[in-house]
*Asks:* 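One structure, pasted below without further comment.
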Amino acid sequence: MTKQNKVTLKLLANGFAFIILCAGLIGFNHANIKGLEPSVANAATVTYTATANLNVRTGPSTANKIIATVKQGTKLTVTGKDANGWLKVSLNGQTGYVSSQYVKISNSSSGTATKIYTANANLNVRTGPSTANKIITTVKQGTKLKVTGKDTNGWLKVSIKGQTGYVSSKYVKVSNPSTDAIQVVAKPESIPVLVNKKNKLPEKYVPKDLVYTSIPFTFKEKTEKRKMRSEAAAAISKLFAESKKQGVSLLGVSAYRSHATQVALFDYYVKRDGYAKAITYSALPGTSEHETGLAIDVTGGNGKCAAQDCFGGTKEAKWLQAHADDYGFIIRYPKGKESVTGYKYEPWHLRYVGKSIAQTIMSKGITLEEYYYTRAVQN
């Protein structure tokens, strides 16, 4: 899209988003977490801008009918946000939806946004800010907490059932509804860049160091799907070579995917299966790891079970689970972490993050989202 006059959209961040750790991590943006702060009463007004004309549809997907196309310069009243990344708007007395993938946050109004604190494990509430103090009660995982203050040693002061107590911030997830939107990543060229449903690549981003990999694929054509960023390409070659030495044969299925290809692919899945199902296994354009040049789907040497659930039980999948991190790769969408990553289990999807980070993630059985969240809390 070309640079054009901006459309200013104002979104009133109202209500509470009841988010537990698993669900909340999907919306995590490393740059936004700077510490735990007390909740306040008033939410912030966020200004959004669009860089192209926007189709307003009857529902939150491209499969729905277009009500109108608003011209640039038109101000829209945004009344809510759908879970799949679409914005609910009021236009000429009608309710419609616009895709937030073409809308970016430009700034926020003055004032502090409401913070939502949620227990991410069963949590003891104590009379003072340390484990040496008496337990008042234990709240269940997922309980929303009313935080009234913060202690210097990392404990939060809370109000519960008319009593004042303290909980350790290590077991509390903080979220910010006013910033719970798709963010554009600041450093897309970073090797461990976090790209997911809430963190997208800049418009027209193309990795500068794409090269053709030297590994075998399930197809013979020389297409973009054979490309990866140079560091990742070198690493996947070493991984394939070692697996072969150990009697495990692998084939590449799909590596780099351009933005245009992702647009076409996602639209195809929506038409075939509907938006609600497509979003569980395919990424909105700009939010696909394949667009980074750091991800690759692989399968066994016989070519069977390519990008299918049956790959999970194969010896090739088990070998990758045990050895991928030795070469800087992680199983990006592990089993049991669907609510964290936003995608179903994909044992075939490898993501290059560098050896040190990969070994940390795989050894702890966590995801890239959880890795960044843990670092943010520790800092």
Side-chain angles (χ1 to χ4, degrees), residues 1-4 6-7 9 11 25-32 46 48-55 57 60-64 78 81-87 97-106 179-210 224-225 227-229 232 254-271 275-276 278-297 332-333 341-343 346 349 351-353 368-369 372:
M1 289 183 283
T2 59
K3 292 184 178 179
Q4 300 166 326
K6 294 183 177 179
V7 180
L9 311 177
L11 171 62
L25 282 170
I26 298 173
F28 166 70
N29 184 311
H30 189 196
N32 289 337
V46 181
Y48 290 78
T49 59
T51 57
N53 293 343
L54 291 176
N55 289 328
R57 298 178 180 270
S61 83
T62 55
N64 289 287
V78 179
K81 179 167 66 72
D82 198 84
N84 61 13
W86 284 63
L87 301 176
Y97 295 82
V98 296
S99 174
S100 63
Q101 65 176 299
Y102 300 116
V103 177
K104 63 182 179 180
I105 296 176
S106 57
T179 58
D180 187 18
I182 298 178
Q183 306 289 323
V184 178
V185 296
K187 297 180 178 180
E189 72 284 354
S190 170
I191 291 296
V193 62
L194 177 64
V195 174
N196 58 17
K197 290 179 183 288
K198 295 297 180 182
N199 296 273
K200 66 178 291 187
L201 294 165
E203 294 292 339
K204 299 182 180 179
Y205 171 73
V206 178
K208 295 179 180 179
D209 57 344
L210 287 172
E224 66 176 24
K225 293 194 295 182
K227 291 183 177 181
M228 296 187 77
R229 289 185 58 183
S254 179
Y256 173 68
R257 193 179 298 153
S258 67
H259 184 76
T261 299
Q262 186 63 31
V263 169
L265 186 63
F266 186 76
D267 284 349
Y268 165 76
Y269 288 139
V270 169
K271 291 176 182 177
Y275 188 94
I279 201 69
T280 66
Y281 62 82
S282 183
L284 284 169
T287 68
S288 170
E289 284 204 323
H290 287 280
E291 293 179 62
T292 67
L294 298 167
I296 183 171
D297 295 336
R332 182 64 178 90
Y333 307 120
T341 64
Y343 295 102
E346 293 189 2
H349 183 99
R351 165 63 197 279
Y352 184 74
V353 293
L368 189 58
E369 284 85 0
Y372 274 117

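Just so it is clear, the model here is predicted, and its values are computed rather than measured.
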*Asks:* Is the backbone N or O of Ala255 less than 3.5 Å from a side-chain atom of His290, with the two atoms forming a donor-acceptor pair by type?
*Replies:*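 Yes, the answer is positive, given that a donor and an acceptor are paired below the 3.5 Å cut-off.
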*Asks:* Taking the side chain as C-beta and beyond, is there a heavy-atom pair between Thr341 and Asn196 under 4.5 Å?
*Replies:*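 No, every pair of side-chain atoms sits at 4.5 Å or beyond.
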*Asks:* Taking the six-membered ring for Trp, are Tyr269 and Tyr281 parallel (under 30°), tilted (30 to 60°) or perpendicular (over 60°)?
*Replies:* perpendicular
*Asks:* Quick check: closest heavy atoms across Thr287 and Lys200, and the distance to 0.1 Å?
*Replies:*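 Between these two residues, the closest heavy atoms are CG2-CB, 3.7 Å.
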*Asks:* To the nearest 0.5 Å, tell me how far Asp209 CG sits from Met228 CE.
*Replies:*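 That separation rounds to 11.0 Å.
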*Asks:* Just wondering, do Tyr372 and Pro192 contact through their side chains at under 4.5 Å, heavy atoms?
*Replies:* yes
*Asks:* Could you tell me whether the side chain of Arg332 reaches within less than 4.5 Å of the side chain of Leu368, counting heavy atoms only?
*Replies:* yes
*Asks:* Could you work out, with side chain to side chain contact (heavy atoms under 4.5 Å, CB included) as the rule, every residue matching Thr261, not counting sequence neighbours?
*Replies:*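 Listed in chain order: Glu224, Arg257, Ser258.
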*Asks:* Taking atom CZ of Arg351 and atom CD1 of Ile296, what is their separation to the nearest 0.5 Å?
*Replies:* 13.5 Å
*Asks:* Please tell me if the side chains of Ile191 and Leu294 come closer than 4.5 Å, counting only heavy atoms from C-beta onward.
*Replies:*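 Heavy-atom side-chain distance check passes, below 4.5 Å.
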*Asks:* Under the side chain to side chain contact (heavy atoms under 4.5 Å, CB included) criterion, do Tyr97 and Asn64 qualify, and how do the steps go?
*Replies:* CA-CA 9 Å; Tyr97 295 82; Asn64 289 287; over 6 Å; no
*Asks:* Taking all non-hydrogen atoms of both residues, which atom of Lys225 and which atom of Ser254 are closest, and how far apart?
*Replies:* CD-OG, 3.6 Å
*Asks:* Between Thr292 and Glu289, is there a donor-acceptor pair closer than 3.5 Å when you use the side chain of the first and the backbone of the second?
*Replies:*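 Between the backbone of Glu289 and the side chain of Thr292 there is a qualifying donor-acceptor contact (under 3.5 Å).
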*Asks:* If I take atom CD from residue Glu369 and atom NZ from residue Lys197, how far apart are they, to the nearest 0.5 angstrom?
*Replies:*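 One finds 10.5 Å between CD of Glu369 and NZ of Lys197.
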*Asks:* Is a donor on one side and an acceptor on the other found under 3.5 Å between the side chain of Ser190 and the backbone of Lys187?
*Replies:*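 Side chain of Ser190 to backbone of Lys187: no pair is present.
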*Asks:* Tell me whether Lys208 contacts the main-chain N or O of Glu189 through its side chain, where contact means a donor paired with an acceptor under 3.5 Å.
*Replies:*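 Flag not set: sc Lys208 to bb Glu189 has no pair under 3.5 Å.
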*Asks:* At their closest point, which heavy atom of Tyr205 faces which heavy atom of Arg229, and how far apart are they?
*Replies:*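 That would be OH-NH1, 4.2 Å.
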*Asks:* Indicate the ring-plane relationship of Tyr343 and Tyr333, choosing parallel, tilted or perpendicular according to the 30° and 60° boundaries.
*Replies:*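 The arrangement is tilted - the two ring planes meet at 30° to 60°.
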*Asks:* Looking only at heavy atoms, which two atoms of Pro285 and His259 are closest? And how far apart?
*Replies:* CB-CE1, 3.5 Å
*Asks:* Do Val185 and Pro202 come within less than 4.5 Å of each other through their side chains, counting heavy atoms only?
*Replies:*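 Counting from C-beta outward, Val185 and Pro202 do come under 4.5 Å.
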*Asks:* Testing the basics here: between Gly293 and Ala232, what is the closest heavy-atom pair and its distance to 0.1 Å?
*Replies:* O-CB, 4.1 Å
